[in-house]
**Q** 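Sharing a structure, written as structure tokens. Questions coming.
We name chains A, B, ... by the order of the sequence lines, and we start the count at 1 in each one.
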Number of protein chains: 2
Amino acid sequence: MNSGRFAISVHILTLLAFSGDEWTPSEYLAGSININPVLVRKELSNLRERGLVLSKEGKSGGSRLAKPADKLFMSEVYGAVKQKDLLGKGINSPNPDCPVGRKINDHLDNLYGDAEKTLLASLGKMSLAEFCKKFE
Amino acid sequence: MNSGRFAISVHILTLLAFSGDEWTPSEYLAGSININPVLVRKELSNLRERGLVLSKEGKSGGSRLAKPADKLFMSEVYGAVKQKDLLGKGINSPNPDCPVGRKINDHLDNLYGDAEKTLLASLGKMSLAEFCKKFE
DNA sequence: TTGTACTGTAATAATAAAAGTTACAGTATG
DNA sequence: CATACTGTAACTTTTATTATTACAGTACAA
């Protein structure tokens with residue numbers, strides 16, 4: 001997975017959760033996270049594809065949650081930002097003449113798959129609403 | 001965590017497990033993984049610090065497992081290569097004037113900590129010996 | 001006692017990935 | 001039609017990873 005994207009997405013969603021049904025502009029989000037608004041918009045674009053947020057263009061536009069915060073789970077955020085395998089890539093081009101090299105990536109994939117299932121189960125226990133409560 | 005290091009370490013340990021009490025040179029390991037021997041030696045150096053392998057210098061030297069493969073668990077390998085947080089860094093410099101920005105990193109840390117505990121529990125179920133059986 | 005086959009590690013270069021920036025077209029509101 | 005937004009492409013900068021070179025140190029074995 002990509003280093004800071006999970007954190008940025010959670011931060012965005014937390015702010016949107018606190019904004020309720022207001023349309024929050026990306027400049028505002030960028031100000032709290034302290035990163036470039038374009039990065040925020042890229043992340044919003046990704047969250048939108050995953051059905052986690054809605055955006056509205058034009059004046060007085062912005063973004064808001066696409067569903068109530070108690071129906072939105074950290075496992076969904078993980079799924080939205082995940083690109084790489086949890087534990088990193090496998091071996092780039094293992095030696096096919098070696099019995100271990102030949103099969104290592106398949107076995108690593110299984111291991112990673114199992115680990116990820118466990119992780120998703122753990123993240124699935126925390127809703128955005130619950131996460132937001134911690135700020136009170 | 002660092003992208004391919006977990007895979008490289010598991011690959012190394014698997015090869016060493018198959019070599020039993022032979023001292024295996026890093027050139028041989030590098031050949032199966034198909035990476036530079038210096039990288040292998042760096043990884044070995046790290047695994048050695050963690051007490052997972054032993055190395056012997058000089059002619060007919062090399063490395064071997066520091067303990068039986070059925071006493072060595074994937075959670076130890078994870079611990080050995082882990083540098084970054086599982087889900088990436090927190091937010092670099094969140095805005096301290098925003099109630100969310102001010103506390104987001106603490107709350108993310110907790111979330112990451114819980115997720116990691118779960119992951120370690122999952123990886124702790126797989127011993128190196130068990131992993132090696134898959135190659136037979 | 002010397003050549004050889006290793007390890008260990010520093011320094012550096014090459015490559016790739018992530019983050020930040022600029023620029024600008026498009027859209028809704030008032 | 002001016003304004004305040006989004007959306008996205010293109011580019012630059014920064015940082016992380018991977019690879020390479022170089023060489024000192026160690027143990028074995030003839």
**Q** Could you list who else is in B/W23's hydrophobic cluster, with ILVMFWY side chains joined at under 4.5 Å, directly or through other members?
**A**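 Members besides B/W23, by chain and number: B/L54.
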**Q** Provide, to the nearest angstrom, the distance between the CG atom belonging to B/L29 and the C1' atom belonging to C/dC6.
**A**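 So the CG-C1' distance, B/L29 to C/dC6, works out to 13 Å.
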**Q** Under a 4.0 Å heavy-atom cut-off, which of residues 13-25 of chain B touch DNA chain D?
**A**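 Of all residues in residues 13-25 of chain B, none places a heavy atom under 4.0 Å from DNA chain D.
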**Q** So, OP1 or OP2 of D/dT18: does either fall under 4.0 Å of a side-chain N or O from B/R5?
**A**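 No, B/R5 has no side-chain N/O under 4.0 Å of OP1/OP2 on D/dT18.
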**Q** Do any side-chain nitrogens or oxygens of A/R48 fall under 4.0 Å of OP1 or OP2 in D/dG7?
**A**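 Answer is yes, contact under 4.0 Å.
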**Q** Can you tell me how far NE2 of B/H107 sits from OG1 of A/T14, rounded to the nearest 0.5 angstrom?
**A**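 Taking OG1 in A/T14 and NE2 in B/H107, the distance rounds to 9.0 Å.
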**Q** Check whether any side-chain heavy atom of B/R41 lies under 4.5 Å from a side-chain heavy atom of B/P37, and answer yes or no.
**A**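 B/R41 reaches B/P37 side chain to side chain.
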**Q** When rounded to the nearest 0.5 angstrom, what distance separates OG in A/S63 from CG in A/L29?
**A**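 One finds 7.0 Å between OG of A/S63 and CG of A/L29.
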**Q** Where do N or O atoms of nucleotides 23-27 of chain C meet protein N or O atoms at under 3.5 Å, pair by pair?
**A**
from   : atom 1 : to    : atom 2 : distance (Å)
C/dT27 : O4'    : A/E57 : OE1    : 3.0
C/dT27 : O2     : A/G58 : N      : 3.4

**Q** Rounded to whole Å, please give me the gap between CG in B/L39 and P in D/dT20.
**A**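 Taking CG of B/L39 and P of D/dT20, I get 9 Å after rounding.
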**Q** Once you round it to whole Å, what is the distance between P of D/dA19 and CD1 of B/I8?
**A**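 After rounding, the gap between these two atoms is 7 Å.
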**Q** For B/S19, what residues pass the side chain to side chain donor-acceptor pair (under 3.5 Å) criterion, not counting sequence neighbours?
**A**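 Counting only residues at least two positions away or on another chain, B/S19 forms a side chain to side chain donor-acceptor pair (under 3.5 Å) with B/T24.
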**Q** Could you check how far CD1 of B/I35 sits from P of D/dT20, rounded to whole Å?
**A**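 That distance rounds to 11 Å.
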**Q** What nucleic acid atoms does B/S63 come within less than 4.0 Å of, heavy atoms only: base, sugar-phosphate, or nothing?
**A**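 Touches nothing.
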**Q** Once you round it to whole Å, what is the distance between C1' of D/dT6 and CG of A/N36?
**A**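 Checked: the CG to C1' distance equals 14 Å.
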**Q** Between B/G101 and B/P94, which heavy-atom pair has the shortest distance, and what is it?
**A**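 Heavy atoms of B/G101 and B/P94 come nearest at O-CB, 3.2 Å.
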**Q** Cut-off 3.5 Å, no hydrogens considered: what does the side-chain donor-acceptor table look like for residues 121-136 of chain A, sequence neighbours left out?
**A**
from   : atom 1 : to     : atom 2 : distance (Å)
A/S122 : OG     : B/T118 : OG1    : 3.4
A/S127 : OG     : A/A129 : N      : 3.4
A/S127 : OG     : A/E130 : N      : 3.1

**Q** Assess whether side chain to side chain contact (heavy atoms under 4.5 Å, CB included) is satisfied between A/E76 and A/K67, documenting all intermediate values.
**A** CA-CA 12 Å; A/E76 299 176 77; A/K67 52 181 169 179; 2.7 Å; yes
**Q** For residues 57-76 of chain B, which residue pairs pass the ring-ring contact (aromatic ring centres under 6.0 Å, His included) check, not counting sequence neighbours?
**A**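 Qualifying pairs: none.
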**Q** Using the closest heavy atom to pick a nucleotide of DNA chain C for each, name whichever of B/E27 or B/K42 lands nearer the 5' end.
**A**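 The 5'-side residue here is B/E27.
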**Q** So, OP1 or OP2 of C/dC6: does either fall under 4.0 Å of a side-chain N or O from B/S26?
**A**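 The answer is no; no side-chain N or O of B/S26 sits under 4.0 Å from OP1 or OP2.
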**Q** On DNA chain D, check which nucleotide each of A/G61 and A/S45 is closest to and give me the residue with the more 5' one.
**A**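 Its nearest nucleotide lies further toward 5', so the answer is A/G61.
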**Q** Atom NZ of B/K56 to atom P of D/dA27: distance rounded to whole Å?
**A**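 My rounded result for the distance is 9 Å.
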**Q** Provide, to the nearest angstrom, the distance between the CZ atom belonging to B/R64 and the P atom belonging to C/dT7.
**A**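 After rounding, the gap between these two atoms is 15 Å.
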**Q** Look up atom CG in A/L65 and atom CD1 in A/I12, then write down how far apart they are to the nearest 0.5 Å.
**A**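 Atom-to-atom, A/L65:CG and A/I12:CD1 are 11.0 Å apart.
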**Q** Does D/dA4 have OP1 or OP2 sitting under 4.0 Å from an N or O in the side chain of A/S60?
**A**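 So the side chain of A/S60 is outside the cut-off, no N or O lying under 4.0 Å from OP1 or OP2 of D/dA4.
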**Q** Could you check how far CG of A/L54 sits from P of D/dC5, rounded to whole Å?
**A**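 Spelled out: CG on A/L54 to P on D/dC5 is 18 Å.
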